[in-house]
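Working notes for the structure below.
As the structure is a computational prediction, the values presented were derived from the model and not from experiment. These numbers come from the heavy atoms of this one structure, side chains and all, not from hydrogens, waters or symmetry mates.
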Amino acid sequence: MTDFVPLHDRVVVRRLDAEEKTKGGIIIPDTAKEKPMEGEIVAAGPGARNEAGALVPLDVKAGDRVLFGKWSGTEVKINGEDLLIMKESDILGIIKTTASKKKAA
């Protein structure tokens with residue numbers, strides 16, 4: 001990505017594009033689309049420190065696909081790319097993908 005490294009418990013997220021069509025095939029114009037709440041972690045900080053001063057590593061890492069709140073993060077432009085910087089606590093969860101789905105026989 002870049003030489004940018006987030007501090008503490010912050011992560012850099014790239015929004016993933018929302019569907020351009022509805023299930024019925026209707027194309028949604030850009031002006032009517034909501035900002036996607038799904039993204040990919042581009043970079044993550046080392047973690048936060050607890051009361052004892054020990055480093056607590058993050059639960060997310062670069063490459064993880066995550067879901068976050070609609071108004072989470074701060075929009076920034078790094079190397080010409082629109083990204084979000086947010087705290088790990090703004091992330092609602094990690095989206096797990098199955099490697100292969102079984103086909104019905």
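Here the closest non-hydrogen pair linking Ala48 and Asp9 is CB-CB, 4.0 Å. Across every non-hydrogen atom of Leu55 and Gly47, the tightest pair is CD1-O, 3.5 Å. Closest of all the heavy-atom pairs between Arg65 and Leu16 is NE-CD1, 3.3 Å. The two atoms that bring Pro6 and Ala44 nearest to each other are CG-C, 3.7 Å, heavy atoms only.
Evaluated for a salt bridge (Lys or Arg N to Asp or Glu O under 4.0 Å) with Arg15, the options Glu40, Glu75, Glu38 yield exactly one hit, Glu75. Among the candidates Leu83, Asn79, Ile78, the single residue satisfying the side-chain contact (heavy atoms from CB on, under 4.5 Å) test with Glu81 is Leu83.
Between Ser89 atom OG and Asp59 atom CG the span is 11.5 Å, to the nearest 0.5 Å.
By the rule that hydrophobic residues join a cluster once side-chain heavy atoms approach within less than 4.5 Å of another member, Ile94 and Met86 end up as members of one cluster.
Residues that satisfy the side chain to side chain donor-acceptor pair (under 3.5 Å) test with Arg49, not counting sequence neighbours, are absent from this structure.
A donor-acceptor contact shorter than 3.5 Å links the side chain of Asn50 to the backbone of Ala52.
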Asp64 vs Lys61, salt bridge (charged side-chain N to carboxylate O under 4.0 Å, His left out): CA-CA, chis, key distance, verdict: CA-CA 6 Å; Asp64 282 350; Lys61 63 188 177 309; 3.0 Å; yes

Given side chain to side chain contact (heavy atoms under 4.5 Å, CB included), test Val60 with Glu88 step by step and report yes or no. CA-CA 8 Å; Val60 296; Glu88 184 187 38; 4.0 Å; yes

Worked verdict on Ile41 versus Ile91 for side chain to side chain contact (heavy atoms under 4.5 Å, CB included): CA-CA 10 Å; Ile41 302 291; Ile91 296 172; 3.9 Å; yes

Check step by step if side chain to side chain contact (heavy atoms under 4.5 Å, CB included) holds for Phe68 and Leu84. CA-CA 11 Å; Phe68 50 87; Leu84 289 169; 3.7 Å; yes

